[in-house]
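As structure tokens, the structure follows; a few thoughts come after it.
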Amino acid sequence: MRVQCAIAGGGPAGMMLGWLLARAGVSVVVLEKHADFLRDFRGDTIHPSTLEVLDELGVLDAFLAHPHREIRHITGRIGRETLTLGDFSHLPTRCKFVALMPQWDFLNFVASEARAHATFHLLMQTEVTGLRESDGRVAGVVATTAGGTMEIDADLVVGADGRHSAVRARAGLIVEDLAAPIDVLWLRISRNPADPEGLVGNLGAGIVLVMIDRGDYWQCAFVIPKGGIDDVHARGLAAFRDRIRALVPFLGDRVDELRDWTEIKLLTVVVDRLRTWHKPGLLCIGDAAHAMSPVGGVGINLAIQDAVATANILAGPLAAGRVSEDDLARVQRRRELPTRVIQRVQLAIHDRFLRTALDRRGEVTVPLAMRLLQWFPMLRRIPARLVGVGVRPEHVRVPRADVGRRAG
Ligand SMILES: Cc1cc2nc3c(=O)[nH]c(=O)nc-3n(C[C@H](O)[C@H](O)[C@H](O)COP(=O)(O)OP(=O)(O)OC[C@H]3O[C@@H](n4cnc5c(N)ncnc54)[C@H](O)[C@@H]3O)c2cc1C
């Protein structure tokens with residue numbers, strides 16, 4: 001197979017980039033190692049800036065016709081107090097809310113839009129295992145499929161294969177580990193219609209639980225200190241359930257649905273970034289270039305913004321068959337500042353807030369910064385802006401190619 005761009009990884013970064021490049025007439029293949037998008041271990045947040053991109057692509061109404069929930073405020077429960085921490089209603093975007101939708105629905109939507117373009121190809125169950133090199137530059141990928149090994153030649157390879165990126169490892173790019181002090185236990189508890197809606201963050205003495213409303217169940221992230229899983233296991237499942245029940249009383253007996261540790265998955269949190277995101281013929285974006293903490297639920301936003309910037313900068317050179325290292329460096333220059341700013345905020349929240357909260361044994365008090373947000377509601381626009389739009393929002397600048405609509 002020969003394409004202008006081969007993308008490893010069909011997550012938010014890879015799928016959006018594939019769609020945008022195909023829309024611009026570039027021949028592109030996205031290789032995704034799983035058979036479908038039905039994985040659990042992803043965030044479900046579609047941010048106002050992503051909705052803005054969908055609007056620019058002319059598909060916002062079609063997207064919002066899919067079942068979703070709209071979150072207009074960031075709320076948190078600390079001890080017995082419920083606090084409003086962010087207010088999206090003043091954002092400079094058409095949608096002044098975060099849409100909560102299972103990520104597999106979002107990725108299926110992107111896939112169906114992308115497939116309308118004749119130059120778009122998506123290969124599922126195809127795992128990138130190596131890079132092809134020629135004349136000192138990356139010239140394609142080697143992938144494993146159910147039927148054996150395949151080789152793909154490409155003018156550009158993009159690593160969008162997430163925080164354990166095989167592409168960046170094979171390329172030998174240098175990773176700076178920023179040391180996340182937390183891990184997450186990922187579990188489900190059923191949801192009653194009378195429960196609150198949307199995203200619910202809960203903080204008590206030594207416990208942090210974030211709950212994502214997925215309609216008939218809560219997808220929960222139970223935050224633990226890094227490496228603390230053995231301690232959680234040693235205390236026993238009954239004690240684990242009791243801690244959740246005490247923190248979120250409205251869950252009541254439904255906590256007993258957690259009958260076995262196999263229903264509680266450990267997700268290791270990584271925060272890192274590449275020193276250089278590229279080498280000749282290769283670029284990394286999304287978590288492959290900068291793994292994000294779940295704090296703030298912004299990693300998907302950043303991944304999609306990377307994809308938009310990459311398409312804006314590279315669609316022209318790709319179409320002309322001339323992608324220079326300087327073009328690739330422009331992508332990093334464009335996206336490095338937003339990444340650094342958000343990672344710095346995430347690390348500050350890890351260190352000054354989450355770590356302290358997890359170490360705490362007595363009554364939890366509301367930190368001064370959160371108290372200020374209650375006293376001066378205008379200040380709530382700042383966290384809403386960081387989460388909803390981020391730094392340096394991207395807009396779709398690549399024109400749509402007139403040719404190449406796939407029939408049917
Ligand atoms: C517990 C947890 C909860 C989170 N919650 C949120 C949230 O609510 N909101 C938010 O915005 N962010 C959240 N994040 C962060 C977010 O998940 C990531 O920042 C985001 O998914 C990055 O998107 P991506 O496309 O770069 O990578 P990914 O989403 O990781 O996608 C990479 C894709 O590449 C595929 N792949 C991997 N290796 C290969 C290979 N060798 N060949 C082919 N395919 C491959 C994977 O199967 C995957 O589909 C969370 C992170 C964690 C750990």
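We count ligands from 1, going down the list as the structure has it; atoms in each ligand are counted the same way.
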Original post:
Can you list the steps and then say if Phe88 with Ile74 is a side-chain contact (heavy atoms from CB on, under 4.5 Å)?
Top reply: CA-CA 8 Å; Phe88 295 114; Ile74 305 172; 3.7 Å; yes
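The ligand atoms of ligand 1 that sit less than 4.0 angstrom from a heavy atom of Ala13 are 25 (O), 26 (O). In summary, the atoms of ligand 1 found under 4.0 Å from a heavy atom of Gly286, numbered by their order in the structure, are 26 (O). Every atom of ligand 1 is numbered from 1 in the order shown, and the set under 4.0 Å from a heavy atom of Leu267 is 1 (C). Within the listing of ligand 1, atoms 47 (O) sit less than 4.0 angstrom from a heavy atom of His34. Those atoms of ligand 1 with a heavy atom of Asp287 less than 4.0 angstrom away are 18 (C), 19 (O), 22 (C), 26 (O).
Residue Ala160 touches ligand 1 through its backbone alone, judged by heavy-atom distances below 4.0 Å. The proximity of His164 to ligand 1, defined as any non-hydrogen pair under 4.0 Å, does not occur for either the backbone or the side chain. When non-hydrogen atoms are compared, ligand 1 lies under 4.0 Å from the backbone of Leu31 (N, CA, C, O) but not from its side chain.
Taking the six-membered ring where tryptophan is involved, the planes of Phe240 and Trp261 are tilted, since the angle between them lies from 30° to 60°.
Residue contacts with ligand 1 include Val298, since one or more of its heavy atoms lies under 4.0 Å from the ligand. Heavy-atom separations between Pro12 and ligand 1 include at least one value shorter than 4.0 Å. The closest approach between a heavy atom of Thr126 and any atom of ligand 1 is below 4.0 Å. Under the 4.0 angstrom criterion for non-hydrogen atoms, Ala8 is not in contact with ligand 1.
Any N or O atom pair closer than 3.5 Å counts here, and Ala288 shares no such pair with ligand 1. Inclusion of Gln103 in the set of residues having an N or O under 3.5 Å from an N or O of ligand 1 is not warranted. The shortest N or O to N or O distance between Glu32 and ligand 1 is under 3.5 Å. In terms of polar-atom proximity, defined here as any N/O pair under 3.5 Å, Thr268 makes no such contact with ligand 1.
A donor-acceptor contact closer than 3.5 angstrom links the side chains of Ser190 and Glu257. Using modelled atom types, one finds a donor on one side chain and an acceptor on the other under 3.5 Å when comparing Glu56 with His395. For Tyr217 and Arg188, the side-chain atoms include at least one donor-acceptor pair closer than 3.5 Å.
Arg335 is not listed as a side-chain neighbour of Ile285, based on a closest heavy-atom distance of 4.5 Å or more. At a threshold of 4.5 Å between non-hydrogen side-chain atoms, the residues Val248 and Leu209 count as touching. Side-chain contact between Lys226 and Ile182 is absent, with no heavy-atom pair separated by less than 4.5 Å. Side-chain contact between Asp44 and Phe106 is absent, with no heavy-atom pair separated by less than 4.5 Å.
The pair Arg334-Glu394 meets the salt-bridge criterion, with a side-chain N (NZ, NE, NH1 or NH2) lying under 4.0 Å from an Asp/Glu carboxylate O.
For atom 40 (C) of ligand 1, the choice among Val269, Asp183, Leu302, Val128 with the nearest heavy atom turns out to be Val128. Considering each of Gly297, Pro294, Gly11, the one bringing a non-hydrogen atom nearest atom 3 (C) of ligand 1 is Pro294.
Taken from CG in Leu282 to CZ in Arg170, the straight-line distance is 12.5 Å, to the nearest 0.5 Å.
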